[in-house]
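Heads up, the thing below is written out as structure tokens.
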There are 2 protein chains.
Amino acid sequence: MSHVAILASGKREQTKVANRRAILDAAREVFSELGYEVATVRDIIRRTGLASGTFYNYFRSRDEVFEALADDGAARFRPILRACWEASNSFDGYLRAAIQAYFDFIADEHETWQTNRPAGERHPQMAVQTPEMERVFEEVRDAFSKAIEHGGAPRVDADYLAAACIAVARQVGDKMLERRPINTVEATDFATKLILGGLPALPRLAPRPEKPHG
Amino acid sequence: MSHVAILASGKREQTKVANRRAILDAAREVFSELGYEVATVRDIIRRTGLASGTFYNYFRSRDEVFEALADDGAARFRPILRACWEASNSFDGYLRAAIQAYFDFIADEHETWQTNRPAGERHPQMAVQTPEMERVFEEVRDAFSKAIEHGGAPRVDADYLAAACIAVARQVGDKMLERRPINTVEATDFATKLILGGLPALPRLAPRPEKPHG
DNA sequence: AGAGGAAGGTGACGCTCTGTCACGCTTTGG
DNA sequence: CCAAAGCGTGACAGAGCGTCACCTTCCTCT
């Protein structure tokens with residue numbers, strides 16, 4: 001029996017991964033069913049069959065599991081974002097692809113999570129700021145910076161621009177999820193045109209000193 | 001002594017208002033000093049000198065005080081937003097005024113709140129969704145709808161547009177607060193130009209059936 | 001293979017916070 | 001000035017939290 005022992009060689013390692021996974025899965029279920037505010041560490045750990053003390057070998061608190069779930073979401077999305085960058089050859093193309101990918105992503109998550117959740121309970125996905133989300137932000141900003149360097153976009157404040165894009169994607173995304181039927185194409189069209197249309201109108205930064213003229 | 005007794009006639013009414021105010025103030029201080037996650041109902045009520053049970057005559061939980069604080073912020077901002085609407089005579093003017101007002105508002109709140117708060121602790125101001133914030137959203141959306149009706153703006157999806165504007169304002173606002181010196185004008189310029197520039201590029205809705213031609 | 005040690009699962013325990021409630025003081029209306 | 005209602009009070013029971021001494025299971029070294 002050697003075919004499973006690729007990454008988790010020892011039994012110790014295996015159970016550690018399995019337990020972490022089990023806790024995360026249980027947490028997702030419990031948050032879905034009871035709502036985040038009400039769910040307790042005990043509710044989560046009970047569902048896994050593990051002892052209460054074990055929980056604290058993996059997470060420091062209920063909040064930390066929540067954050068880990070959110071981080072998971074961002075971590076899953078980041079490679080998609082990366083792929084958008086690599087597949088596109090223009091700034092416009094990248095932006096549209098990235099936004100479309102994001103809306104598809106959250107629409108998919110939304111379906112998966114559809115349970116009998118109390119009222120407007122927040123999803124872990126995008127509610128808090130996690131390290132992985134910070135990286136998503138940085139990736140977007142860097143993509144913009146590179147586009148600016150290459151002349152694919154005007155020389156604007158990439159930091160503000162990234163913040164604005166992510167903000168628009170998030171909020172319009174949320175609104176999109178509230179509508180029936182969920183129309184990711186319509187939302188993408190809206191967000192993309194807003195940003196790409198606004199881009200040329202943005203205030204320019206002073207051009208960075210370059211070699212004089214050639 | 002009749003000059004104070006305008007709204008709070010009886011002594012009962014007076015203490016009720018005073019207690020609520022005291023709890024809110026104490027809560028703001030405690031959240032600032034200890035951080036939201038750590039603060040307890042007891043911490044808050046202790047600072048007021050009231051008994052623990054009294055707290056529950058005013059709020060159901062720590063979360064509800066937090067929400068009330070956030071609601072307060074939105075409630076203070078809404079009249080400002082209203083004034084922007086009434087003072088401006090073009091869509092562009094309204095948008096710029098509203099965004100500038102918002103950035104000034106949060107910059108001011110930011111100063112007021114500056115205490116030795118642990119790390120990236122969230123401010124109540126704009127962190128959660130409260131009824132008053134919902135109203136702010138509706139006010140913005142309605143302003144957009146009216147502008148569209150009057151031909152001051154193209155016939156676009158006002159709901160998405162409002163969501164996008166608020167999103168941009170929030171996120172760019174947050175970024176703005178992280179920079180030194182805080183430059184509300186720069187941020188306003190950025191956000192305003194992004195939105196106003198993007199507006200003409202947005203997908204149009206089918207025009208609503210009007211009287212045929214004049 | 002077997003022994004010794006390390007890693008980590010276990011659950012009872014003590015502690016803190018929560019939310020309630022019976023009590024009594026204060027205000028109000030008559 | 002009295003009766004009734006309103007409301008502040010703080011002790012209390014219950015719940016959840018995080019810890020820790022113990023014990024089982026796995027790993028390593030000979």
Side-chain angles (χ1 to χ4, degrees), chain A residues 1-2 4-69 118 121, chain B residues 1-2 4-69 118 121:
Chain A
M1 225 195 256
S2 69
V4 195
I6 300 171
L7 262 172
S9 35
K11 185 156 190 182
R12 283 253 141 87
E13 296 298 318
Q14 282 179 308
T15 52
K16 223 153 74 165
V17 172
N19 282 351
R20 191 188 150 86
R21 193 67 263 156
I23 292 173
L24 282 173
D25 288 346
R28 178 152 51 201
E29 288 174 26
V30 169
F31 288 152
S32 285
E33 289 168 24
L34 305 183
Y36 175 73
E37 301 294 345
V38 185
T40 72
V41 168
R42 255 52 175 200
D43 290 330
I44 297 169
I45 203 65
R46 194 176 307 127
R47 188 163 302 214
T48 65
L50 295 168
S52 64
T54 306
F55 177 91
Y56 295 97
N57 287 340
Y58 292 88
F59 301 97
R60 269 201 294 275
S61 65
R62 182 195 61 162
D63 280 14
E64 200 172 291
V65 207
F66 186 82
E67 211 178 286
L69 280 175
E121 194 56 44
Chain B
M1 225 196 259
S2 68
V4 195
I6 300 170
L7 263 171
S9 36
K11 187 156 188 183
R12 280 254 142 84
E13 295 298 319
Q14 281 179 310
T15 53
K16 224 154 71 166
V17 171
N19 282 351
R20 192 188 150 87
R21 193 68 260 156
I23 292 173
L24 282 173
D25 289 345
R28 178 151 53 199
E29 287 173 28
V30 169
F31 287 153
S32 285
E33 288 167 24
L34 305 182
Y36 175 72
E37 302 293 345
V38 184
T40 72
V41 168
R42 256 46 177 202
D43 290 330
I44 296 169
I45 203 66
R46 195 177 306 125
R47 188 163 302 214
T48 65
L50 295 169
S52 63
T54 305
F55 177 91
Y56 296 96
N57 287 340
Y58 292 88
F59 301 97
R60 269 200 295 275
S61 66
R62 181 194 62 162
D63 280 13
E64 200 172 292
V65 206
F66 187 82
E67 211 178 287
L69 280 174
E121 193 56 42

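Chain letters run A, B, ... following the sequence lines, proteins first and then strands; every chain starts at 1.
Under the 3.5 Å distance criterion, the side-chain polar atoms of Arg62(A) are matched with a main-chain donor or acceptor of Tyr36(A).
Atom pair Leu34(B):CG and dC17(C):C1' shows a separation of 14 Å (rounding to whole Å applied). As a whole-Å value, the separation of Gln14(A) CD from dA7(C) P is 18 Å. Atom CG in Leu50(A) sits about 13 Å away from atom C1' in dG11(C), given to the nearest Å. With rounding to whole Å, Tyr56(A) atom OH is found 19 Å from dG8(C) atom P. To the nearest angstrom, C1' of dT18(C) lies 13 Å from CZ of Arg46(B). Rounded to whole Å, the distance from CD1 on Ile44(B) to C1' on dT18(C) is 13 Å. Rounded to a whole Å, the NZ atom of Lys16(A) is 12 Å from the C1' atom of dA6(C).
Ion pair Glu33(A)/Arg28(A) not flagged as a salt bridge, since none of the NZ, NE, NH1 or NH2 atoms sits closer than 4.0 Å to an Asp/Glu carboxylate oxygen. Salt bridge Asp25(A)/Arg21(A): present, at least one basic N to carboxylate O contact under 4.0 Å.
Using a 4.0 Å heavy-atom cutoff across all strands shown, Thr54(B) reaches at least one base atom of the nucleic acid. Residue Ser52(B) is in base contact, counting any heavy-atom pair closer than 4.0 Å across all strands shown. In this structure, Phe59(A) reaches neither bases nor backbone, as no heavy-atom distance under 4.0 Å exists between it and the strands shown.
Remark: Ile23(A) CD1 to Leu69(A) CG distance equals 11.0 Å, nearest 0.5 Å.
Nearest-nucleotide positions on DNA chain C place Thr15(A) closer to the 5' end than the other of Thr15(A) and Gly53(B).
Here the range on DNA chain D touched by chain A, meaning any atom under 4.0 Å from one of its heavy atoms, is dG16(D) to dC27(D).
Between Val30(B) and Ala39(B) the shortest heavy-atom distance is CG1-CB, 3.5 Å. Here the closest non-hydrogen pair linking Ala26(A) and Thr48(A) is CB-CG2, 3.6 Å.
In this structure, Phe66(A) and Phe31(A) have perpendicular ring planes: the angle between them is above 60°, well past the 30° mark.
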Contact pattern, 5' to 3', of nucleotides 25-30 of chain C - B, S or - by protein heavy atom under 4.0 Å: -BBS--

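Under the side-chain hydrogen bond (donor to acceptor under 3.5 Å, both in side chains) criterion, Arg20(A) pairs with no residue at all, not counting sequence neighbours.
In summary, the side chains of Asn57(A) and Thr54(A) do not present any donor paired with an acceptor at a separation below 3.5 Å, with no hydrogens or angles considered.
Dashed line: the shortest gap from a side-chain N or O of Asn57(A) to OP1 or OP2 of dG9(C) is under 4.0 Å.
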